[in-house]
Structures are given as structure tokens and as C-alpha cells.
Amino acid sequence: MVDDFSDKTVIVTGAARGIGRGIAEKLGGAGASVVIADVRETKMRETASELREDGVTVETVSCDVTSKADAERLAERTVDRFGGIDALVNNAGIGSRGSFEELDHEAWQQVLDVNLTGVFNCSKAVVPEMIDQDGGSIVNISSMAGQNISYHGAANYTASKWGVIGLTKHMAWDLGEYDIRVTAVCPGSTLTPLTEAGTSEEERAATTEKIAMDRWASPEDHAAAVAYLVSDASSYVTGTVLEVDGGKQLSVRNEI
Ligand code: NAD
């Protein structure tokens, strides 16, 4: 059943707020033991206590996904507390604005470090445990920018999200023999603190015009997709990239 996760332990990175929080709520609400990993410590603790009030079993681990040591500690703490790791959702990410001429090397590196190397670090940290327990599911949150370009963001963001898709597919190939499935979700335009800070109201209204379903996504839309990919219902699905964009790609591709 897609909606019963009571036998699963799931790590969600970047779950203090936004899409990651929505994923933690959905999986935790369906019985999963959830580990929230984030750099935003105060917000992470607030989110965890709100989830606990709703009956979710949740732990927090302060973790900067750009750090190999933090990622390894995240995996260790999860195994110590819950006895295993059934799924990792690599959701932590940051945005970026500006034209290519404005993009400097520091901003390039920072976005690649969080959005792409962060996925590598956390995946490397959990895979040995998943191999030991004969399987697992890793779901990477890419973006529709990873299928085309980010119209609100910069080239480093686009490159990082294409990188996440490449990493997803190669990991799926390498880890299939261990029954570790690796998939990606590409959210379209989603109302979260990231996009509220990075776009004007006018830009958001112009984007809505291009979405077939005539609305921005909510974190819950992506949480439902992630729930399917974590669940046993997708037991033969790996290397797959699931676009959850309300049909916005149709409009963008028509314009080219
Ligand atoms: P958000 O800013 O609301 O949340 C991101 C979370 O990641 C925050 O809690 C933040 O503290 C955490 N984080 C940032 N850097 C971190 C690090 N180094 N280590 C650990 N945690 C870190 O953003 P969101 O909109 O919820 O985005 C979540 C994911 O979805 C990102 O990967 C983003 O690129 C992707 N995405 C978002 C949209 C959108 O429209 N919002 C669209 C496509 C893809």
C-alpha cells in the first residue's frame, strides 16, 4: 500500500520548511519514522515539534549536506535511533539569480556544492547501510530546470539540477543489483519560502499563465509523488524521472 509506511525509516534533507517539510509530513503522517536533516536548526526543531504534535515519530539531525562528515553522522544517527535506513529523500537545495555575466565562481561553487555534491554526500553515507539491509529507495529532488532551464534562476541552478538527474540515472544503474532504487522528482513552480523570496508577485502571476493546471504546485503535490517512489508500489521503478509540474513544460516547449 502506498499509504502505509509504518515499517519504514526515511531521511528527508532540507525538511525544516518548504517541499521537504511537506514530504516529511506526508511520509510521517503515513507511519514512517522520519529524520529531518537541515542547516536551519531553529526552524528544524519547530517543524519537528509540530510534526510530533500530529503524532509523527521524528528526529532532527543538524546537517550541512555539503559536508561529508555531517552526512556520515546523519546516517549513523539514523541507524542508532531507528535501526536502519529504508529511504533517503535528497531535497535540500538553494536557488540562484542573475545572468551568466553576473555569475561569479563563488556562487557557481556554492550552488553546485549544495544541490549536487549534497546529493552525492548523503547518498554515499546511506548506501552501505542499504546494501547491508538488502535494498532501499533514494529519491532526488531535481527540478524542471533539470529538463530545460530555470527561467527565474541562474545557470548554476540549471546545471546543478541537470547534474542531479545524471547522478540519479547512473546510481540507479550501479545500485540496481542491491535492490536500491534511485529516482528523481522534478517539481515545477512551487510556492515555498525559496520561490517567495526569489520572485516578484508579477513574475509569479506570469508563470501561472503558463501552467496548464492554472496554479502553482504545493509541497503536498510533490510529497505524493515521493510517497509513490518510496513505497513498495514502485518496486520495479528505478532511474525514472517524474515530472510534477502541472503541465507547465507543455507551454515552455511550445515557445521554443
Ligand atoms: P526552501 O528554501 O523552502 O527549503 C529548502 C530547505 O533546504 C531549507 O529548509 C534549507 O534550510 C535547507 N538547506 C539549504 N541548504 C542546506 C544545506 N547545505 N544542508 C542542509 N539543508 C539545507 O526550498 P524549497 O522550495 O522547498 O526547495 C526544496 C527543493 O526543491 C530544492 O532542492 C529545490 O531546488 C527544489 N525545487 C523547488 C522548486 C520550487 O518552485 N520551490 C522547484 C523545483 C525544484
Side-chain angles (χ1 to χ4, degrees), residues 11-26 35-48 60-74 88-97 109-122 125 139-154 156-165 167-168 184-199 203-204 207-208 210-211 215-223 225-226 241-246 248-249 252:
I11 297 172
V12 187
T13 68
R17 66 180 200 185
I19 293 172
R21 177 185 170 136
I23 295 166
E25 277 174 353
K26 168 82 181 171
V35 177
I36 293 179
D38 208 296
V39 279
R40 238 175 259 272
E41 294 196 26
T42 309
K43 187 74 193 151
M44 174 169 69
R45 288 205 194 90
E46 271 172 34
T47 296
T60 59
V61 177
S62 171
C63 171
D64 180 343
V65 296
T66 67
S67 156
K68 173 176 177 278
D70 277 15
E72 287 170 353
R73 197 168 43 83
L74 170 63
L88 165 69
V89 184
N90 281 307
N91 164 79
I94 56 174
S96 185
R97 298 274 286 179
Q109 197 58 52
Q110 191 193 12
V111 168
L112 268 290
D113 283 350
V114 178
N115 293 4
L116 182 55
T117 306
V119 174
F120 175 75
N121 286 339
C122 295
V139 183
N140 298 324
I141 305 302
S142 176
S143 167
M144 289 309 291
Q147 304 281 49
N148 192 351
I149 70 162
S150 171
Y151 288 95
H152 295 306
N156 51 351
Y157 185 81
T158 294
S160 72
K161 294 302 185 179
W162 278 76
V164 168
I165 290 175
L167 181 58
T168 300
V185 169
C186 291
S189 306
T190 311
L191 277 181
T192 66
L194 178 81
T195 43
E196 275 163 32
T199 55
E203 285 174 321
R204 291 200 289 274
T207 295
T208 308
K210 295 180 174 153
I211 301 173
R215 67 169 176 89
W216 281 53
S218 68
E220 292 72 31
D221 292 314
H222 308 305
V226 170
V241 177
L242 183 52
E243 299 171 350
V244 183
D245 75 336
K248 183 172 166 229
Q249 61 183 302
V252 172

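Nothing fancy with the numbering, it's 1 onward along the sequence. As the structure lists them, so they are numbered: ligands from 1, and atoms in each ligand from 1. Here the structure is a predicted model, which means the values were calculated and not measured.
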Which N/O atoms of ligand 1 sit under 3.5 Å from a protein N/O, and at what distances?
| residue | atom | partner | partner atom | Å |
| --- | --- | --- | --- | --- |
| ligand 1 | 2 (O) | R17 | NE | 3.3 |
| ligand 1 | 2 (O) | R17 | NH2 | 2.7 |
| ligand 1 | 3 (O) | R17 | NE | 3.1 |
| ligand 1 | 9 (O) | D38 | OD1 | 3.4 |
| ligand 1 | 9 (O) | D38 | OD2 | 2.7 |
| ligand 1 | 11 (O) | D38 | OD1 | 2.6 |
| ligand 1 | 11 (O) | R40 | NE | 2.9 |
| ligand 1 | 18 (N) | D64 | OD1 | 2.9 |
| ligand 1 | 19 (N) | C63 | O | 3.4 |
| ligand 1 | 19 (N) | V65 | N | 3.0 |
| ligand 1 | 25 (O) | T192 | OG1 | 2.5 |
| ligand 1 | 26 (O) | I19 | N | 2.8 |
| ligand 1 | 32 (O) | N91 | O | 2.8 |
| ligand 1 | 32 (O) | K161 | NZ | 2.9 |
| ligand 1 | 34 (O) | Y157 | OH | 2.6 |
| ligand 1 | 34 (O) | K161 | NZ | 3.0 |
| ligand 1 | 40 (O) | T190 | N | 2.9 |
| ligand 1 | 40 (O) | T190 | O | 3.3 |
| ligand 1 | 41 (N) | T190 | O | 3.2 |
| ligand 1 | 41 (N) | T192 | OG1 | 3.3 |

> Under 4.5 Å between any side-chain heavy atoms of K248 and T207, yes or no?
Replying inline: yes
>> Quick one, V185 with V139, criterion side chain to side chain contact (heavy atoms under 4.5 Å, CB included). Give me CA distance, side-chain angles, the key distance, then yes/no.
In response: CA-CA 7 Å; V185 169; V139 183; 4.0 Å; yes
>> My understanding is that only residues two or more places apart in sequence, or in another chain, count here; which of them pass side chain to side chain contact (heavy atoms under 4.5 Å, CB included) with E203?
In response: R97, H152, T199, S200
>> Listing request: all salt bridge (charged side-chain N to carboxylate O under 4.0 Å, His left out) pairs with a residue in residues 186-195, at least two apart in sequence or in separate chains.
In response: none
> When you look at Q147 and Q249, which way does the side chain to side chain donor-acceptor pair (under 3.5 Å) test go after all the steps?
Replying inline: CA-CA 9 Å; Q147 304 281 49; Q249 61 183 302; over 6 Å; no
> Excluding sequence neighbours, so at least two apart, what forms salt bridge (Lys or Arg N to Asp or Glu O under 4.0 Å) with K161?
Replying inline: none
